[in-house]
Amino acid sequence: MSPAEALAVLAAGVGAGTINTIVGSGTLLTFPVLLAVGLPPVTANVSNALGLVPGSLTGAIGYRRELAGQRDRLIRLGTVGLLGGATGAVLLVTLPSQAFHAIVPVLIAAALVLVVLQPRLARAVQARRERRGTTAPAHGGPLLVAGMFLASVYGGYFGAAQGVLYLSLMGLLLDETLQRVNGLKNVLAALVNGIAALFFIVVAHMDWAAVALIAVGATIGGLIGARVGRRLPPAALRGLIVVVGVAAIVQLILK
């Protein structure tokens with residue numbers, strides 16, 4: 001890797017760490033750069049997964065205030081995320097590389113619809129609960145568990161727009177603010193990427209120079225993203241999620 005290529009990978013890591021902490025989809029920055037500097041697709045994917053873990057950790061630390069009081073929820077969803085991430089990692093090395101290509105844009109588009117409609121849907125669900133005299137499940141119920149498992153399988157497999165899927169599911173099924181949900185998303189992304197990366201270290205070839213460059217950049221980006229993301233009002237954060245999600249769909253379709 002030449003100095004210019006190394007700088008490009010480092011810069012992509014900073015950008016990915018920042019956007020992952022605020023929304024998700026940082027892989028859409030790093031993965032094409034790794035391919036451009038000559039890494040094979042699977043090597044680029046597994047190196048990227050490991051390199052982005054430190055950025056998810058610094059992003060989660062930056063959101064520690066929003067995580068207060070969510071320990072039990074995090075344990076439950078974190079366990080689901082670990083199982084899903086491990087499953088996705090296994091699928092990556094056993095299924096054809098294009099196995100998810102057709103369905104992923106549809107998943108992201110559906111998630112964006114949920115993100116846009118979430119305030120209205122949440123009000124409708126709350127009104128229905130009030131009429132029935134029931135309360136929202138503290139941890140989202142079986143529907144959230146199933147959805148988060150499937151989203152984590154995808155995260156362990158590839159992960160582009162993984163954060164968008166998480167935000168749409170938790171934003172709809174948890175009675176929480178979008179910022180507190182975002183804090184959860186950052187921890188879950190770190191767990192899923194981490195378990196997938198551990199599996200890849202054992203069974204796949206890593207480009208350790210790329211891992212190190214992305215890790216340094218993502219760590220810096222995670223700190224930046226936490227400072228920026230926590231200051232965004234809900235409407236602005238929702239708008240950014242939609243913009244990033246649409247960009248992900250376009251890139252995946254044109255891929």
Side-chain angles (χ1 to χ4, degrees), residues 1-59 85-86 88-105 108 153-164 189-190 192-225 244-255:
M1 195 181 302
S2 70
E5 291 173 336
L7 184 60
V9 173
L10 178 65
V14 174
T18 302
I19 198 69
N20 272 347
T21 301
I22 300 173
V23 180
S25 302
T27 292
L28 297 176
L29 295 177
T30 48
F31 188 68
V33 172
L34 293 177
L35 294 180
V37 300
L39 269 65
V42 173
T43 301
N45 196 6
V46 298
S47 301
N48 180 66
L50 180 56
L52 289 177
V53 171
S56 297
L57 291 174
T58 53
V90 172
L91 292 177
L92 177 65
V93 298
T94 57
L95 291 180
S97 61
Q98 296 301 313
F100 279 27
H101 184 73
I103 190 62
V104 168
I108 299 172
V153 170
Y154 168 64
Y157 184 90
F158 182 52
Q162 170 190 0
V164 174
V192 170
N193 285 340
I195 192 67
L198 288 175
F199 177 78
F200 294 147
I201 288 173
V202 176
V203 303
H205 172 69
M206 293 277 182
D207 187 302
W208 291 104
V211 171
L213 288 167
I214 291 176
V216 171
T219 299
I220 297 170
L223 295 172
I224 296 171
V244 171
V246 170
I249 292 171
V250 171
Q251 181 166 335
L252 289 167
I253 290 175
L254 297 179
K255 189 175 172 181

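For reference, positions follow the sequence shown, starting with 1.
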Legend entry - Validation row: N193, Q162 side chains within 4.5 angstrom (heavy atoms): yes
Legend entry - For the student: nearest non-hydrogen atoms of A44 and L35, plus distance: CB-CD2, 4.0 Å
Inset, instruction - Please identify each residue that fulfils side chain to side chain contact (heavy atoms under 4.5 Å, CB included) with A36, with sequence neighbours left out. - result: none
Inset, instruction - Return each pair, listed once, that meets side chain to side chain donor-acceptor pair (under 3.5 Å) where at least one residue sits in residues 28-43; pairs must be two or more places apart or across chains. - result: T30-N48
Inset, instruction - State which residues pass side-chain hydrogen bond (donor to acceptor under 3.5 Å, both in side chains) with S47; sequence neighbours excluded, sorted by chain then number. - result: none
Inset, instruction - Return the minimal non-hydrogen interatomic distance between V33 and A12, and the atom names on each side. - result: CG2-CB, 3.9 Å
Inset, instruction - Check for a donor-acceptor pair, side chain of T18 on one end and backbone N or O of G221 on the other, with a separation under 3.5 Å. - result: yes
Legend entry - Any residue meeting side-chain hydrogen bond (donor to acceptor under 3.5 Å, both in side chains) with N20, in chain and number order, not counting sequence neighbours: none
Please list every donor-acceptor pair under 3.5 Å in which a side-chain atom of residues 50-59 meets a protein atom from a residue at least two apart or in another chain.
unit_1	atom_1	unit_2	atom_2	d
T58	OG1	P54	O	3.3
T58	OG1	G55	O	3.0
T58	OG1	T219	O	3.2

Legend entry - Spacing of CG belonging to L34 relative to CG belonging to L39, to within rounding of 0.5 Å: 5.5 Å
Using a 3.5 Å cut-off and no angle test, enumerate the donor-acceptor pairs between side-chain atoms of residues 194-209 and protein atoms at least two apart in sequence or in another chain.
unit_1	atom_1	unit_2	atom_2	d
D207	OD1	A209	N	3.3
D207	OD1	A210	N	3.0

